[in-house]
S.K.: 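One structure coming up, written as structure tokens, with questions to follow.
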Amino acid sequence: MKPLADRIALVTGASRGIGRAIAVRLAQDGALVGVHYRAEGDKAKEMLDLIRVRGGDGFLVAADLADPAGATQLADAVIGELRTRRDPPTLDILVNNAGIDDRKTIEQVTEADFDRMLQINFRSPFFLIQKLLPVVADGGRIINISSMAARLSFPTMPVYAPTKAALSTLSRVLAAHLGPRGITVNAVLPGATSTDLNPAAADPQRSGAIRDTVALGRIAEPDDIAPVVAFLASREGGWITGETIEASGGQRL
Ligand SMILES: NC(=O)c1ccc[n+]([C@@H]2O[C@H](COP(=O)([O-])OP(=O)(O)OC[C@H]3O[C@@H](n4cnc5c(N)ncnc54)[C@H](OP(=O)(O)O)[C@@H]3O)[C@@H](O)[C@H]2O)c1
């Protein structure tokens, strides 16, 4: 039997990058996966096809998490999907992965930049958890994708890093609050990972310098991060809660 058989998961920002790898992996492990995307329906449909070709299944949900109403719209859409599958509707695994970065120093950040990043990286995950909590199953899992930037000091991340630190701290607070329901809440902190969000990772000029800071000597692929999330989502990961788990190959140890 697959480790996540009969589980229903939601992965935000599952259209590409780390979220896509997480969604594919959870589906491979047997979960029915809600594939959240913002706007590119064709890409998301391709992604669901890939999951199905590999023997898994899922459903698509769209929402713009830069919109203050986005988390509520997403929660409503997910609960609607759950209702067609379970009575009462319940969600087993929530992965808050969608996020943005915008490399600017404090001198360059505008108020609009600040508000957008805070909205997508912290406010939306916060309210998505709040709106979905009534349907998160007892014994369920909440996994927030933070960043190792939360413990470091990159000068071009004066908003990004604090939003990720906030998500890590929220995970700890909620782990204590939701423990009586058997719900675990953890933050996974990827290091430099080769995705659209981290163009330096794919840039031959800059990637060498990043690699030199990684104990295991390379930049991560999204598939390096997905199994960590899958473990936390599994029954075997059930005794871990309130933790911030770095998946960085030992970056800047
Ligand atoms: N890559 C790294 O080095 C690294 C390191 C540490 C932590 N992380 C974290 O890992 C997570 C995934 O990042 P990634 O590297 O995979 O980035 P990515 O390839 O740029 O993917 C970001 C995902 O977030 C979604 N998203 C962005 N803005 C959105 C919005 N307004 N509404 C809804 N969805 C939105 C994107 O959807 P669309 O396709 O619709 O835009 C996409 O699916 C992020 O939380 C990031 O902070 C990444």
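What you see below is based on every heavy atom in this structure, not just the backbone, and it leaves out hydrogens, waters and symmetry mates.
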S.K.: Tell me, do Val78 and Val135 make a side-chain contact under 4.5 Å, heavy atoms counted?
M.R.: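 Heavy-atom side-chain distance check fails, nothing below 4.5 Å.
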S.K.: Within a strict 4.5 Å, meaning less than it, do heavy atoms of the Gln251 and Ile210 side chains meet?
M.R.: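 When only atoms from C-beta onward are counted, Ile210 and Gln251 do touch, with a gap below 4.5 Å.
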S.K.: Would you mind reporting whether Pro190 and Ile145 have side-chain heavy atoms less than 4.5 Å apart?
M.R.: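 When only atoms from C-beta onward are counted, Pro190 and Ile145 do touch, with a gap below 4.5 Å.
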S.K.: Between Thr244 and Thr169, is there a side-chain heavy-atom distance shorter than 4.5 Å?
M.R.: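 When only atoms from C-beta onward are counted, Thr244 and Thr169 do not touch, as no gap falls below 4.5 Å.
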S.K.: Do the non-hydrogen side-chain atoms of Pro3 and Arg235 ever get within less than 4.5 Å of each other?
M.R.: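 Of all side-chain heavy-atom pairs linking Arg235 with Pro3, none is under 4.5 Å.
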S.K.: Does a donor on one side chain and an acceptor on the other come within less than 3.5 Å for Asn198 and Thr195?
M.R.: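 No, Thr195 and Asn198 have no side-chain donor paired with an acceptor closer than 3.5 Å.
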S.K.: As an exercise, state the distance from OG of Ser207 to CG of Asp212, rounded to the nearest 0.5 Å.
M.R.: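 If I round to the nearest 0.5 Å, the distance is 9.5 Å.
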S.K.: Does Glu40 have any salt bridge (Lys or Arg N to Asp or Glu O under 4.0 Å) partners at least two apart in sequence or in another chain, and if so, which?
M.R.: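 For Glu40 the salt bridge (Lys or Arg N to Asp or Glu O under 4.0 Å) partners, ignoring immediate neighbours, are Lys43.
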S.K.: Can you check side chain to side chain contact (heavy atoms under 4.5 Å, CB included) on Asn96 and Ile129, steps first, answer last?
M.R.: CA-CA 9 Å; Asn96 271 306; Ile129 295 170; 3.4 Å; yes
S.K.: Evaluate whether atom CG of Asp6 has more than 12 neighbouring non-hydrogen atoms of other residues, nucleotides or ligands under 6.0 angstrom away.
M.R.: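 It does not: Asp6 CG has 12 such atoms or fewer within range.
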S.K.: Ser147 side chain to Ala150 main-chain N or O, any donor-acceptor pair under 3.5 Å?
M.R.: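 Flag not set: sc Ser147 to bb Ala150 has no pair under 3.5 Å.
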S.K.: Do you know the tightest heavy-atom contact between Gly238 and Thr184?
M.R.: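 Shortest heavy-atom contact: O-CG2, 3.6 Å.
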S.K.: When you group the ILVMFWY residues by side-chain heavy-atom contacts below 4.5 Å and let the links chain together, are Val228 and Leu94 in the same group?
M.R.: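 Leu94 does not cluster with Val228.
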S.K.: Taking atom CG of Asp42 as the centre, does the number of heavy atoms from other residues, nucleotides or ligands within less than 6.0 Å exceed 12?
M.R.: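 No, not enclosed.
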S.K.: Decide if atom NZ of Lys45 counts as having more than 12 heavy atoms of other residues, nucleotides or ligands within a radius under 6.0 Å.
M.R.: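 No, not enclosed.
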S.K.: Show the nearest heavy-atom pair for residues Pro204 and Ala202, with the distance to one decimal.
M.R.: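 Closest heavy-atom pair between Pro204 and Ala202: CD-O, 3.4 Å.
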S.K.: Between atom CG of Leu197 and atom CZ of Arg16, what is the distance when rounded to the nearest 0.5 Å?
M.R.: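 Here the interatomic distance stands at 8.0 Å.
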S.K.: Can you check whether Leu118's main-chain N or O pairs, donor with acceptor, with Thr163's side chain at less than 3.5 Å?
M.R.: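 Between the backbone of Leu118 and the side chain of Thr163 there is no qualifying donor-acceptor contact (under 3.5 Å).
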S.K.: Got a sec, which hydrophobics cluster with Ile106, joining ILVMFWY side chains under 4.5 Å apart, including via others?
M.R.: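 Result for Ile106 is none, singleton.
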S.K.: Return the CD1 to CZ distance between Ile240 and Arg141, rounded to the nearest 0.5 Å.
M.R.: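 Separation between the atoms: 9.5 Å.
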S.K.: Working to the nearest 0.5 Å, report the span between CG of Asp102 and CE of Met117.
M.R.: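 Interatomic distance, Asp102 CG to Met117 CE, rounded to 0.5 Å: 4.5 Å.
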S.K.: Does one hydrophobic cluster hold both Phe122 and Phe127, with members joined at side-chain heavy-atom distances below 4.5 Å?
M.R.: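 Yes, because Phe122 and Phe127 connect within a single hydrophobic cluster, where side-chain heavy atoms sit under 4.5 Å apart.
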S.K.: Check whether Met148 and Val229 end up in the same hydrophobic cluster, where Ile, Leu, Val, Met, Phe, Trp and Tyr are linked by side-chain heavy atoms less than 4.5 Å apart.
M.R.: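 No: no chain of side-chain contacts under 4.5 Å links Met148 to Val229.
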S.K.: Would you confirm whether Ser146, through its side chain, and Lys164, through its main-chain N or O, come within 3.5 Å as a donor-acceptor pair?
M.R.: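 At least one qualifying donor-acceptor pair exists.
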S.K.: For Arg116, which residues count as a salt bridge (Lys or Arg N to Asp or Glu O under 4.0 Å) partner, sequence neighbours excluded?
M.R.: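 Residues passing salt bridge (Lys or Arg N to Asp or Glu O under 4.0 Å) with Arg116: none at all.
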S.K.: Quick one: do His177 and Ile183 satisfy side chain to side chain contact (heavy atoms under 4.5 Å, CB included)? Show the steps, please.
M.R.: CA-CA 9 Å; His177 181 59; Ile183 297 170; over 6 Å; no
S.K.: Could you tell me whether a side-chain N or O of Asn97 sits under 3.5 Å from a main-chain N or O of Gly13, the two making a donor and an acceptor?
M.R.: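 Yes, because the side chain of Asn97 sits within donor-acceptor range (under 3.5 Å) of the backbone of Gly13.
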S.K.: Counting distance only, does the side-chain N/O of Thr193 pair as donor-acceptor with the main-chain N or O of Gly191 below 3.5 Å?
M.R.: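 It does hold such a pair.
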S.K.: Would you say Asn186's side chain and Glu243's backbone share a donor-acceptor pair under 3.5 angstrom?
M.R.: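 Checking the backbone N and O of Glu243 against the side chain of Asn186, a donor-acceptor pair under 3.5 Å is found.
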S.K.: Find out whether His36 and Leu10 are in side-chain contact, i.e. whether some heavy atom of one side chain is under 4.5 Å from a heavy atom of the other.
M.R.: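 Contact flag for His36/Leu10 side chains = yes.
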S.K.: Looking at every non-hydrogen atom in both residues, tell me the closest pair between Ala75 and Lys131 and how far apart they are.
M.R.: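 Of all heavy-atom pairs spanning Ala75 and Lys131, the closest is CB-CB, 3.4 Å.
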S.K.: Is the closest side-chain heavy-atom distance between Ser168 and Leu189 below 4.5 Å?
M.R.: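 Of all side-chain heavy-atom pairs linking Leu189 with Ser168, at least one is under 4.5 Å.
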S.K.: Please report the C-alpha distance between Leu82 and Thr90 in whole Å, then the side-chain angles of each, then the deciding distance to 0.1 Å, and finally whether the side chain to side chain contact (heavy atoms under 4.5 Å, CB included) criterion is met.
M.R.: CA-CA 6 Å; Leu82 294 172; Thr90 49; over 6 Å; no
S.K.: Restricting to non-hydrogen atoms, name the atom on Thr213 and the atom on Ala209 that form the minimum distance, rounded to 0.1 Å.
M.R.: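 Closest approach of Thr213 to Ala209: CG2-O, 3.5 Å.
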S.K.: For Val136, does its backbone N or O pair with a side-chain atom of Arg181 as donor and acceptor, under 3.5 Å?
M.R.: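 Between the backbone of Val136 and the side chain of Arg181 there is a qualifying donor-acceptor contact (under 3.5 Å).
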S.K.: Quick one: CG on Leu232 to CD1 on Ile93, what's the gap to the nearest 0.5 Å?
M.R.: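 The CD1 atom of Ile93 is 10.5 Å from CG of Leu232, to the nearest 0.5 Å.
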S.K.: Taking Phe154 as the starting point, is it possible to reach Val109 by hopping between hydrophobic residues whose side chains are less than 4.5 Å apart?
M.R.: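 Yes.
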S.K.: Report yes if the side chains of Val185 and Asn144 come closer than 4.5 Å at any heavy-atom pair, otherwise no.
M.R.: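 Yes; the side chains approach each other to less than 4.5 Å.
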S.K.: Enumerate, atom names and distances included, each donor-acceptor pair closer than 3.5 Å involving a side-chain atom of residues 53-65, sequence neighbours excluded.
M.R.:
unit_1, atom_1, unit_2, atom_2, d
Asp57, OD1, Arg52, NE, 2.8
Asp57, OD1, Arg52, NH2, 3.2
Asp64, OD1, Ala66, N, 2.9

S.K.: Got a donor-acceptor contact below 3.5 angstrom from the Asp92 side chain to the Gly140 backbone?
M.R.: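 Such a contact is absent between Asp92 side chain and Gly140 backbone.
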S.K.: Between Asp224 (side chain only) and Glu221 (backbone N and O only), is there a donor and an acceptor less than 3.5 Å apart?
M.R.: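 The answer is yes, because a donor-acceptor pair under 3.5 Å joins these two groups.
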S.K.: Tabulate below the donor-acceptor pairs under 3.5 Å that side-chain atoms of residues 19-35 make, not counting sequence neighbours, or state none.
M.R.:
unit_1, atom_1, unit_2, atom_2, d
Arg25, NE, Asp29, OD1, 3.3
Arg25, NE, Asp29, OD2, 3.1

S.K.: Tracing side-chain links under 4.5 Å among I, L, V, M, F, W and Y, which residues wind up in one group with Leu253?
M.R.: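 Besides Leu253, the cluster holds no residue at all.
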S.K.: If hydrophobic clusters are built by linking Ile, Leu, Val, Met, Phe, Trp and Tyr wherever their side-chain heavy atoms come under 4.5 Å apart, do Val95 and Ile225 end up in the same one?
M.R.: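 In one cluster with Val95: Ile225, yes.
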S.K.: Distance check, rounded to the nearest 0.5 Å: Tyr160 atom OH versus Arg103 atom CZ?
M.R.: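 If I round to the nearest 0.5 Å, the distance is 7.5 Å.
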S.K.: What closest approach, in Å, do Gly17 and Pro222 show between heavy atoms, and which atom pair accounts for it?
M.R.: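 That would be O-CB, 3.7 Å.
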S.K.: I'd like to know whether CZ of Arg172 has more than 12 heavy-atom contacts from other residues, nucleotides or ligands below 6.0 angstrom.
M.R.: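 Atom CZ in Arg172 is not packed in, count stays at 12 or less.
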S.K.: Walk me through whether Leu178 and Ile142 qualify under side chain to side chain contact (heavy atoms under 4.5 Å, CB included).
M.R.: CA-CA 10 Å; Leu178 297 174; Ile142 299 174; 4.0 Å; yes
